Amino acid sequence: MRFIDGDTDIRMIVMWSGGIDSTFKLAYLLKETEYQIHAHHVHLVNREGRSQAERAACIALRPKLKALRSFGYTESRIDHSRHRGIPYDMAIVAFEAAVVA
């Protein structure tokens, strides 16, 4: 998601799961652009049980990515562990991105 402030300042929000795809994209943007980057991690708690591993990955990778250059970072939590089904992750993360923006 990209916001243009005036004509020169570009800020970008990256939804960062801690997985390979979002980590690669975050590293790429930090290395290859001058954008002001803000990474946001959603603790998406559900019956799959990935949230702890994803958060641990973000914690472990953050210092390595900060070594490339500084970026903002926030987290939020959505708990669906009581629901029988597992909601579609992308729809939830898209909603959360809009809230962060």
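Heavy atoms only: backbone and side chains are in, while hydrogens, waters and symmetry mates are out. Because the structure is predicted, anything quoted here is derived from the model rather than measured.
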Do Ser51 and Leu44 pass the side-chain contact (heavy atoms from CB on, under 4.5 Å) test, and can you show the C-alpha distance, the side-chain angles, and the key distance before you say yes or no?
CA-CA 6 Å; Ser51 64; Leu44 188 55; 5.7 Å; no
Can you name the nearest heavy-atom pair linking [X] to [Y], along with the distance?
X     : Y     : value
Trp16 : Arg62 : CZ3-CG, 3.8 Å
Leu30 : Arg69 : O-NE, 2.8 Å
Gly18 : Ala57 : O-CB, 3.5 Å

Open item on the list: Go through it in stages, so that I can follow the logic: the residues are Ile10 and Gln36, the test is side-chain contact (heavy atoms from CB on, under 4.5 Å), and I'd like the CA-CA distance, side-chain angles, deciding distance and then a yes or no.
Closed with: CA-CA 6 Å; Ile10 297 177; Gln36 293 178 31; over 6 Å; no
hydrophobic_cluster_shared for Ile59 and Val42, side chain cutoff 4.5 Å: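 Different clusters: Val42 never reaches Ile59 through Ile, Leu, Val, Met, Phe, Trp or Tyr contacts under 4.5 Å.
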Shared hydrophobic cluster, Leu61 / Met12 (ILVMFWY, side-chain heavy atoms < 4.5 Å) |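 Same hydrophobic cluster.
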State whether the side chain of Lys66 and the backbone N or O of Phe71 hold a donor-acceptor pair below 3.5 Å, judged by distance alone.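 Between the backbone of Phe71 and the side chain of Lys66 there is a qualifying donor-acceptor contact (under 3.5 Å).
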When you measure from the side chain of His38 to the backbone N and O of Ile13, does any donor-acceptor pair fall under 3.5 Å?
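Looks like no, no N/O pair under 3.5 Å.
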Requested in this report: Apply the side-chain contact (heavy atoms from CB on, under 4.5 Å) test between His43 and each candidate in Glu54, Arg55, Gln52; give the one that qualifies.
Outcome: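 Single side-chain contact (heavy atoms from CB on, under 4.5 Å) partner of His43 among Glu54, Arg55, Gln52: Arg55.
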| request: For the pair Val14 and Ile37, evaluate side-chain contact (heavy atoms from CB on, under 4.5 Å) and give the outcome as yes or no after the intermediate values. | output: CA-CA 7 Å; Val14 177; Ile37 304 295; 4.1 Å; yes
ask   = Between OG of Ser17 and NZ of Lys25, what distance do you get to the nearest 0.5 Å?
value =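 Those atoms lie 14.0 Å apart.
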Point to revise | Gap between atom CG of Leu65 and atom CG of Leu29 - 0.5 Å precision | key: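 Answer for the CG-CG pair, Leu29 versus Leu65, is 11.0 Å.
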_When you compare the side chains of Ser76 and His40, does any donor N or O come within less than 3.5 Å of an acceptor on the partner?_
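Result is yes, a qualifying pair exists.
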